Amino acid sequence: DAGVIQSPRHEVTEMGQEVTLRCKPISGHDYLFWYRQTMMRGLELLIYFNNNVPIDDSGMPEDRFSAKMPNASFSTLKIQPSEPRDSAVYFCASSFFLVAGVVPDTQYFGPGTRLTVL
Amino acid sequence: DAKTTQPNSMESNEEEPVHLPCNHSTISGTDYIHWYRQLPSQGPEYVIHGLTSNVNNRMASLAIAEDRKSSTLILHRATLRDAAVYYCIPLYGGSQGNLIFGKGTKLSVKP
């Protein structure tokens with residue numbers, strides 16, 4: 001398997017523009033996570049999906065952020081309008097989840113998308 | 001969620017063992033201890049996990065204190081490629097696996 005695939009790897013945009021980040025999880029994984037990493041806040045979970053359904057979006061910073069998972073092999077994270085403080089590296093990760101009470105499976109992370117908002 | 005305390009940074013010489021400590025004194029009985037690492041300019045990657053007993057895999061060993069309030073990740077022979085930030089993450093066995101990353105320990109390896 002190619003692992004988790006993210007695109008684009010780098011994105012530079014101007015304040016106010018719409019930004020769409022894309023993720024293809026590992027085939028067969030039923031959980032998908034979006035994380036954001038900044039120097040100030042470190043790695044933080046934004047939202048995660050189970051079987052294409054959003055389960056917890058409490059980490060999404062504000063309404064300008066939205067995420068969708070239209071099918072098991074594709075997810076998007078959209079920022080509209082973008083602001084300079086959104087500049088960060090955005091990671092997508094996927095995993096299996098075993099029966100409750102069993103160890104959650106390993107999360108596999110993509111290479112990330114480095115977003116710069118000018 | 002259990003809180004963790006890790007040293008901000010550590011240094012090691014190449015081909016020497018490295019012991020990376022983590023305190024997790026508020027860990028619950030059902031929390032597994034996971035370790036991830038993040039190499040420069042890459043996403044985090046899984047290293048190892050355990051519950052009560054010590055664990056070994058091809059990457060590292062995990063030594064868990066008897067009271068489970070601390071653990072130590074052991075790299076038996078550090079290589080330059082092991083230079084990374086190492087995160088210790090208690091994770092409830094029944095959770096969906098959403099990881100909460102702290103600041104981690106930045107490991108530098110000198111040739």
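Since this is a predicted model, take the numbers as computed values, not measurements. Per chain, numbering begins at 1; letters A, B, ... match sequence-line order.
Transitive grouping of hydrophobic side chains (ILVMFWY, heavy atoms separated by less than 4.5 Å) brings Ile33(B) and Ile48(B) into a common cluster. Clustering ILVMFWY residues whenever any of their side-chain heavy atoms sit less than 4.5 angstrom apart, transitively, puts Leu75(B) in the very cluster that holds Met59(B). Leu51(B) and Ile74(B) end up in different hydrophobic clusters when Ile, Leu, Val, Met, Phe, Trp and Tyr side chains are linked at under 4.5 Å. Cluster annotation: Tyr35(A) is connected to Val85(B) through the hydrophobic network of ILVMFWY side chains, with a link wherever side-chain heavy atoms come within less than 4.5 Å.
For Glu44(A), no part lies near chain B; criterion is any non-hydrogen pair under 4.5 Å.
Between Tyr87(B) and Leu43(A), the closest heavy-atom pair is OH-CD1, 4.3 Å. Shown here for Gln42(B) and Phe91(A), the closest heavy-atom pair between the two residues is O-CZ, 3.7 Å.
Between the CZ atom of Phe109(A) and the CG atom of Leu99(B) there is a distance of 5.5 Å, given to the nearest 0.5 Å.
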* To do: Report the C-alpha distance between Tyr36(B) and Gln107(A) in whole Å, list the side-chain angles of each, state the deciding distance to 0.1 Å, and finish with yes or no for side-chain contact (heavy atoms from CB on, under 4.5 Å).
  => CA-CA 9 Å; Tyr36(B) 279 73; Gln107(A) 286 190 22; 3.7 Å; yes
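Partners of Thr5(B) by side-chain contact (heavy atoms from CB on, under 4.5 Å), not counting sequence neighbours, listed by chain and number: Asn23(B). Under the ring-ring contact (aromatic ring centres under 6.0 Å, His included) criterion, Phe65(A) pairs with no residue, sequence neighbours left out.
Heavy-atom pairs under 4.5 Å with chain A peak, among Gly43(B), Gly102(B), Pro44(B), Gly104(B), at Pro44(B).
Judged by distance alone, with hydrogens and angles left aside, the side-chain atoms of Tyr108(A) form no donor-acceptor pair with the main-chain N or O of Tyr46(B) at under 3.5 Å.
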